[in-house]
Amino acid sequence: MVHYPAWDQDEARSIVSGLSHLEGATLPILHALQEEFGYVDPQAVPLIAEALNLSRADVHGTISFYHDFRTAPPPRRIVKLCRAEACQALGCDTVVEELAREHGIVVDDHGAPDKAVVETVYCLGNCALGPSALVEGELLGRIDADRIASLCGARQ
Ligand code: FES
């Protein structure tokens, strides 16, 4: 999963000014902003309007017309790691330790809002194939710390 930095108005301004010479620059700018930050913050509207000599309503209209544009940060990924009995017997505590030691990922730490979270759950019904994890509806068996860290991506 891609890591997106927090919205930065100065960076957004430089993206806008770097593309404002293009014909029909609104869409390339919006795509570039979303690529950079994962969404188009409402603060971008006046920047784009000013750079392209459009009304704010025009810019806002374009953003809402294209459903691909998000106007809020994408939700962070949540990895649910089973720590019930069967998965404990199959090494989930080692996974938790390795996540902390080797990847700096602390299970059940809901710290920074842009970081993926690894949460404890108790039994995902996949006991024979533990340690088990559930990620965005997908059940994963024989999970290890490296796999979880890569699922968390550079968001950690
Ligand atoms: S104990 Fe982990 S899936 Fe059942």
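One-based numbering, in listed order, for ligands and for the atoms of each. If you're wondering where the values come from, they're calculated on a predicted model, not measured in any experiment.
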Check: For V16, which residues count as a side-chain contact (heavy atoms from CB on, under 4.5 Å) partner, sequence neighbours excluded?
Finding: I29, L33, L47, I48, A51
Check: Can you tell me if CD on E50 sees more than 12 non-hydrogen neighbours from other groups inside 6.0 Å?
Finding: no
Notebook entry, point to check: Are more than 12 heavy atoms from other residues, nucleotides or ligands located less than 6.0 Å from atom CD of Q43?
Noted result: yes
Note to self: Ignoring hydrogens and geometry beyond distance, is a side-chain donor-acceptor pair present between H31 and D68 at under 3.5 Å?
What the structure shows: no
Item checked: Lys/Arg-Asp/Glu bridge criterion (N-O < 4.0 Å) met for D144, R147 -> no
Next item on the list: Enumerate the protein residues lying less than 4.0 Å from ligand 1, judged by heavy-atom distances, in chain and residue-number order.
Entry: C82, A84, A86, C87, C123, L124, G125, N126, C127, S132
Note to self: When you measure from the side chain of Q34 to the backbone of R70, do you find a donor-acceptor pair of N or O atoms at a distance under 3.5 Å?
What the structure shows: yes
